[in-house]
Amino acid sequence: MTEKLLLYGGAIQQAGAVRQKAEQRSTASDFMEMEKERGISISSTVMNFDYNNLRINILDTPGHQDFSEDTYRALAAADNAVMLLDGAKGLEPQTRKLFEVCRMRKLPLFTFVNKLDRPAMSPYEIMDQIQEEFELETYPILWPIGDGDRFKGVLDRIEKVVHLYKKPSARGKKAEVVQISLEDTEALEDMIDDSELFEKLIEDAELLDELLEPLDMNRVLSADQSPLFFGSAMTNFGVQLFLDKFCDLGTKPMGRQATLKADASKTADKTEGMIAPEHEEFTGFIFKTQANLDPKHRDRLAYVRIVSGVYEKGMKVSHNRSKSGKKYNLAQAQALFGSDRSSVELAYPGDVIGINNPGNFAIGDTLHTGNVNLAFPGIPSFSPEKFSYIRSPNPSEYKSFRKGIDQLLDEGAIQALRQRNDDGGGPLLLAAVGQLQFEVVQARLKNEYGVESLMEPLGYSLARWVDGGWDAVDKADADGKLFGIMTVQDRWKRPVLLFRNDWKAAALSEEEKYLELKPWSEPPSFDN
């Protein structure tokens with residue numbers, strides 16, 4: 001889908017498929033070796049293009065549930081979200097998880113039902129499924145005419161125009177389109193050339209107009225109603241129409257709530273405030289870091305979503321977790337297009353830029369100008385479900401192994417846990433949402449750092465952070481409440497408990513409320 005949006009946005013001339021054949025191009029958004037080998041997206045990527053006098057920033061996220069945490073982080077930087085559904089499968093487990101994040105953030109949600117060129121569920125079934133499971137009302141804007149081999153095109157219910165498609169002359173090229181007014185029934189029936197589909201189209205159009213509540217943009221912007229589109233990205237049916245409608249309906253860059261401190265002292269009062277895009281000082285937050293976009297130079301990049309002000313080349317910024325007075329020179333920022341980069345002199349609210357990461361920047365950090373210290377809400381880490389020790393089998397490679405592990409951990413590709421009071425010399429425990437994350441870490445260590453690694457899995461299935469702190473952990477341990485539970489610390493040296501099953505975690509949370517167990521954690525807003 002991303003490739004086709006780039007195609008119609010003019011950013012590329014020919015789209016590739018994620019699961020590529022020999023004669024097809026690889027996708028612009030998938031550039032890691034493992035992505036190309038397996039034909040799946042494993043990391044979110046940023047791409048932008050100009051379309052109809054607008055700058056469109058696409059945060060393309062992995063669809064596989066093992067990499068859902070990368071998607072959670074990308075959603076923190078988004079102003080709108082597109083929920084992409086398979087027309088034959090409807091809602092899938094990872095879709096449900098991501099929807100909850102969208103609802104929590106009140107993100108306007110656009111729904112695109114894809115793969116109508118294959119046999120698909122009834123559009124009414126999909127609408128009912130979304131309503132029942134998400135309590136989200138949908139408003140169809142593009143309505144399908146048939147599916148599978150009989151997929152003819154879509155009805156634009158806003159304009160009352162039917163768009164009938166002809167297959168493009170070459171794979172990956174734009175589709176040819178014939179437009180006919182819905183009221184021109186004689187010509188429409190002739191062009192559809194299928195009396196059953198024609199009659200169903202007319203019936204559906206009348207039924208939808210009678211039964212559905214009108215499109216309410218206030219409800220869309222508050223995530224209570226979702227514009228619904230049908231099409232086929234593979235055959236380029238409905239993609240440009242979706243892009244046009246999205247540009248008309250989507251929200252512009254929004255402000256963010258922030259915690260403000262008048263000075264850098266530990267005792268300074270903190271207040272909450274809204275940082276609007278019009279705020280004169282530059283502010284932005286880091287939602288992703290990436291190592292080795294250019295393996296030859298071993299570079300490290302931080303992805304910054306600009307919230308307010310203007311980025312100017314060479315500007316100096318403060319960092320919410322650095323010491324007072326410490327400034328960082330943003331000598332060069334880059335516009336991102338997958339693994340390709342180009343220098344930018346200016347960037348504005350809503351833009352995503354890449355900046356050099358000196359090693360001090362982490363996911364969730366805030367950068368800003370001005371005298372008032374501020375921090376946007378941290379980006380949470382969610383409960384991992386897989387745990388494994390990792391070590392280097394070759395002592396001579398340990399330095400490269402450690403460098404690779406440190407950089408991958410900085411990216412948030414995986415979480416790291418250690419024994420209590422371990423400052424880095426003890427065994428490293430990796431924690432992941434899914435097994436594939438471990439495989440990605442091992443593959444990247446080998447491909448990008450030239451080192452082998454060994455994994456030793458543990459039999460735990462979920463983690464809970466202890467908001468009550470170490471004193472609460474010590475009390476529970478002294479009372480014999482932590483039998484069969486592993487106690488470790490996260491990168492901020494905060495207590496984490498590992499459980500073998502949901503029942504044990506739920507029981508401990510209910511019985512020992514002073515522990516204040518949480519299934520997610522946020523980094524501290526300020527270090528000092």
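Contact annotation: the side chain of Val473 approaches that of Thr487 to within less than 4.5 Å [non-hydrogen atoms, C-beta and beyond]. Val496 places a side-chain heavy atom less than 4.5 Å from the side chain of Leu417. Counting heavy atoms from C-beta outward, Asp365 and Arg321 have side chains that approach closer than 4.5 Å. Within the 4.5 Å cutoff, side-chain heavy atoms of Leu85 are placed close to those of Thr111. Between Val433 and Lys386 the shortest side-chain heavy-atom distance does not fall below 4.5 Å. You'll find the side chain of Ile485 reaches within 4.5 Å of the side chain of Leu508, heavy atoms only. Counting heavy atoms from C-beta on, the side chains of Arg444 and Glu439 never come closer than 4.5 Å. With contacts defined as side-chain heavy-atom distances shorter than 4.5 Å, the pair Asp60/Met47 qualifies.
Residues Lys475 and Asp471 are not paired through a salt bridge, judged by the lack of any N-O separation under 4.0 Å between the basic side chain and the carboxylate. Ionic pairing of Arg256 and Asp79 is present here: one or more N-O contacts between side-chain nitrogen and carboxylate oxygen are shorter than 4.0 angstrom. Glu516 has no carboxylate O lying under 4.0 Å from a charged side-chain N of Lys513, or vice versa, which leaves the two without a salt bridge. Electrostatic pairing of Lys493 and Asp422 does not count as a salt bridge here, judged by no charged N lying under 4.0 Å from a carboxylate O. Checked for salt-bridge contact, Asp406 and Arg402 meet the test: a charged N lies under 4.0 Å from a carboxylate O. A salt bridge does not link Asp490 to Arg418: none of the charged nitrogens lies less than 4.0 Å from a carboxylate oxygen. Electrostatic pairing of Glu456 and Arg391 counts as a salt bridge here, judged by a charged N lying under 4.0 Å from a carboxylate O.
Under a cut-off of 6.0 angstrom, the local environment of CD in Glu272 is crowded, with over 12 non-hydrogen atoms contributed by other residues, nucleotides or ligands. Within 6.0 Å of CD on Glu92 lie more than 12 heavy atoms contributed by other residues, nucleotides or ligands. Within 6.0 Å of the CD atom in Gln257, the count of heavy atoms belonging to other residues, nucleotides or ligands exceeds 12.
Considering all non-hydrogen atoms of both residues, Gln129 and Leu91 come closest at OE1-N, 2.9 Å. The two residues Ala81 and Leu75 make their nearest non-hydrogen contact at CB-CD2, 4.1 Å. Across all their heavy atoms, Pro253 and Pro349 have their closest contact at CG-O, 3.5 Å.
Cation-pi geometry between Lys399 and Phe401 is not satisfied (NZ or CZ under 6.0 Å from the ring centre, within 45° of the ring normal). Both cation-pi conditions hold for Lys288 and Tyr303: the charged atom is under 6.0 angstrom from the six-membered ring centre and inside a 45 degree cone around its axis. No cation-pi contact links Arg305 to Phe287, judged by a cut-off of 6.0 Å to the six-membered ring centre and 45° from its axis.
Judged purely by distance below 3.5 Å, without hydrogens or angles, the side chains of Lys327 and Ser318 pair a donor atom with an acceptor atom. In summary, the side chains of Ser392 and Asn394 do not present any donor paired with an acceptor at a separation below 3.5 Å, with no hydrogens or angles considered.
For residues 462-490, no residue pair satisfies the ring-ring contact (aromatic ring centres under 6.0 Å, His included) rule, not counting sequence neighbours.
In this structure, the ring of Tyr328 has its center less than 6.0 angstrom from the ring center of Phe361.
Between the CZ atom of Arg500 and the CG atom of Leu458 there is a distance of 8.0 Å, given to the nearest 0.5 Å. Expressed to the nearest 0.5 Å, how far CG of Leu445 lies from CD1 of Ile390 amounts to 5.5 Å.
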